[in-house]
Amino acid sequence: MAKEYRTIKEVAGPLMLVQGVEDVAYNEMAEIELANGEVRRCKVLEINGSNALVQLYDAATGINLESSKVRFLGRTMELGVSPDMLARIFNGMGEPIDGGPEILPEKRLDIEGLPMNPAARAYPQEFIQTGVSAIDGLNTLVRGQKLPIFSGSGLPHAQLAAQIARQARVRGKDEKFAVVFAAMGITFDEANFFMESFRETGAIDRSVMFINLANDPAVERIATPRVALSAAEYLAFDLDMHVLVILTDLTNYADALREVSAARKEVPGRRGYPGYMYTDLASLYERAGRQRGKIGSITMIPILSMPEDDKTHPIPDLTGYITEGQIILSRDLHRRSLQPPIDVLPSLSRLKDKGIGEGKTRADHANTMNQLFAAYARGKDAKELMVILGEAALTDMDKLYAKFADEFEAKYVSQGYMTDRSIEETLEIGWELLRILPRSELKRIKDEYLDEYYEKK
């Protein structure tokens, strides 16, 4: 039986101090019962002797210090999971918000999860097709990888996230695939966009959605990605599914972390974020991966909007250390109406070489990828030169490369948010673009592939 206390000393904003408690642990869940019988949830933030500092999940209004009771539940926050979670929409705490029935849980999972033993990890090496050429062709996503998208305020990362969630699939084998989508601190309009987008395309049938709105409590925002990852771990390692987890927007999550840290009067680190933010982000990102002896896998695409488009800001900076690459959205390409505005040159997937080639995508993939990168980089240099010196200063070959860069952006990168390209289509578009250049310039491609694909008009 949970012990009840009537010893609330003070309430300050989202924090409440309870005195004279016994056997209460950090992160333990509690309930406050008001005089009118209303129950509100809270969580233990700090224990100091017999004093417990708790954080409220709901508003503090109406809490009477004399007549309100606090019950400590003896457990951390848990999520009830079951196969019925698929095709459902939940709030950030895992409660249904789609008008459907409550989930009857098969089991209950601690949302903090357990870290995956590094020795039990299997190396990520199977290709996941997102249907987006700039990712599949040049910065390939591999099953079990953590590949963040670095965006900026006002850039269309929501559309790209919805497109990847709709289109992502494991090729070839008839394997069970699911998407766990968690949105943190988003507006009602954005939430509506995601829900409608998933429903219209039928993607909702294989998805589990967790929506935390901007007006929800900061402490709920901190729980949302953990709730989503607990659902993903259940689907992957209990139901043997391949799960793609999309988390947006990690910047809102980190801001909530800073808010709670400031409320606890902790010593701030860089830009006011808590010093343990690296550890905290790692505790999320490292829950993705593949385990030896388990069929399922968790692949993660965290999305974060960089404040002031600054890659050195603590959130993208720390994320870059923990994850295996990044997809970067460009404001310049967005202004020129490229959809999606993925800047392929600074983007990187550190595991792409493991997920491409014969038996995974196609034998010529690695060669064409390297050649497209090289040709686009030279084309961009030629265009910059053209701006400074004028077109007349360029050699004929430079002009060809400049033309290649324009065609590459128009045909390869800019495909729209409703176009789903197979890897074969992406590779064919790549060859079509490479034919702009003379064969003698394609020094990164083996002759056997040039004979087979370049000469094929």
Side-chain angles (χ1 to χ4, degrees), residues 1-48 50-82 84-85 88-112 182 184-185 188 191 209-228 230-231 256 259-260 263-264:
M1 180 69 187
K3 249 188 173 182
E4 287 190 347
Y5 295 90
R6 289 179 177 268
T7 52
I8 300 173
K9 172 70 175 163
E10 65 175 304
V11 178
L15 301 180
M16 185 172 76
L17 183 66
V18 187
Q19 293 183 323
V21 300
E22 293 174 0
D23 299 327
V24 172
Y26 171 68
N27 253 358
E28 186 174 330
M29 294 300 290
E31 291 176 344
I32 308 154
E33 189 179 322
L34 308 190
N36 62 3
E38 184 190 340
V39 175
R40 295 181 189 173
R41 291 164 308 179
C42 54
K43 179 176 88 166
V44 177
L45 274 189
E46 201 175 289
I47 299 290
N48 186 1
S50 62
N51 292 346
L53 184 68
V54 299
Q55 169 111 24
L56 304 170
Y57 279 100
D58 305 286
T61 48
I63 296 178
N64 184 304
L65 302 189
E66 308 293 324
S67 55
S68 299
K69 295 182 285 190
V70 181
R71 270 191 302 277
F72 292 94
L73 304 180
R75 57 174 174 81
T76 55
M77 187 176 164
E78 294 175 337
L79 175 71
V81 290
S82 118
D84 300 332
M85 296 179 82
R88 298 294 304 276
I89 302 172
F90 303 89
N91 67 10
M93 304 286 285
E95 296 160 343
I97 54 170
D98 55 2
E102 289 285 331
I103 296 290
L104 294 173
E106 277 194 357
K107 61 195 289 194
R108 302 191 73 82
L109 299 177
D110 179 350
I111 65 161
E112 296 297 330
M184 294 156 278
F188 181 77
M209 295 182 76
F210 296 91
I211 305 283
N212 165 270
L213 296 174
N215 61 344
D216 288 332
V219 71
E220 179 181 310
R221 201 157 303 141
I222 292 171
T224 304
R226 291 178 167 80
V227 169
S230 300
E259 191 180 319
V260 170
R264 290 166 65 176

* Asked: Nearest 0.5 Å, what's the NZ-CD distance between Lys69 and Glu4?
  -> 4.5 Å
* Are Lys9 and Met16 close enough that some pair of their side-chain heavy atoms sits under 4.5 Å apart? -> no
* Once the angle between the rings of Phe72 and Tyr5 is folded into 0 to 90°, is it parallel (under 30°), tilted (30 to 60°) or perpendicular (over 60°)? -> perpendicular
* What distance separates Thr224 OG1 from Asn91 CG, expressed to the nearest 0.5 Å? -> 8.0 Å
* Going through the checks in order, is the salt bridge (Lys or Arg N to Asp or Glu O under 4.0 Å) test met by Glu38 and Arg40? -> CA-CA 7 Å; Glu38 184 190 340; Arg40 295 181 189 173; 2.9 Å; yes
* Structure fact -> One should read off an interatomic distance between Glu112 CD and Asn27 CG, to the nearest 0.5 angstrom, of 5.0 Å
* **OG on Ser82 to CZ on Arg108, rounded to 0.5 Å** => 11.5 Å
* **Partners passing ring pair (Phe, Tyr, Trp, His ring centres under 6.0 Å) against Tyr57 (at least two apart in sequence or in another chain)** => none
* Give the minimum heavy-atom separation between Ala52 and Val21, together with the two atoms involved. => CB-CG2, 3.9 Å
* Looking only at heavy atoms, which two atoms of Ala231 and Val81 are closest? And how far apart? -> CA-CG1, 4.4 Å
* Asked: At what distance, to the nearest 0.5 angstrom, does CG of Leu213 lie from CD1 of Ile97?
  -> 7.0 Å
* **Pairing of Glu28 and Lys43 as salt bridge, 4.0 angstrom limit** => no
* **Asp23, CG atom: more than 12 neighbouring heavy atoms under 6.0 Å** => no
* To do: Could you pull out all residues at least two apart from Glu95 that satisfy salt bridge (Lys or Arg N to Asp or Glu O under 4.0 Å)?
  => Arg41
* Glu102 side chain reached by Pro96 side chain, heavy atoms, under 4.5 Å -> yes
* Asked: Will you find, in the side chains of Thr76 and Asp110, an N or O donor that is under 3.5 Å from an N or O acceptor?
  -> yes
* Structure fact -> Exactly one of Val44, Val18, Asn51 clears side chain to side chain contact (heavy atoms under 4.5 Å, CB included) with Val24, and that residue is Val44
* Structure fact -> When every non-hydrogen atom of Arg6 is compared with those of Glu66, the smallest separation belongs to NH1-O, 4.2 Å
* Backbone N/O of Ile103 and side chain of Asp84: donor-acceptor pair under 3.5 Å -> no
* Asked: Would you say Arg88's side chain and Pro101's backbone share a donor-acceptor pair under 3.5 angstrom?
  -> yes
* Asked: Is there a side chain to side chain contact (heavy atoms under 4.5 Å, CB included) between Leu73 and Glu31 once you walk through the steps?
  -> CA-CA 8 Å; Leu73 304 180; Glu31 291 176 344; 4.1 Å; yes
* **Residue pair Leu53 / Leu15, side-chain heavy-atom distance below 4.5 Å** => yes
* To do: Could you tell me which non-hydrogen atom of Phe210 sits nearest to which non-hydrogen atom of Met85, and how far apart they are?
  => CZ-CE, 4.0 Å
* To do: Indicate yes or no: at least one non-hydrogen side-chain atom of Leu56 is less than 4.5 angstrom from one of Ile32.
  => yes
* CD/Glu220 to CD/Gln55 distance, rounded to the nearest 0.5 angstrom? -> 11.5 Å
* Structure fact -> Between Ala218 and Val260, the two heavy atoms sitting closest are CB-CG2, 4.4 Å
* To do: Quick one: closest heavy-atom pair of Ala256 and Ile222, and the distance?
  => O-CD1, 3.8 Å
* Asked: Any side-chain heavy atom of Val70 sitting closer than 4.5 Å to one from Ile8?
  -> yes
* Quick check: does any side chain N or O of Arg221 sit under 3.5 Å from a backbone N or O of Asn212, one acting as donor and the other as acceptor? -> no
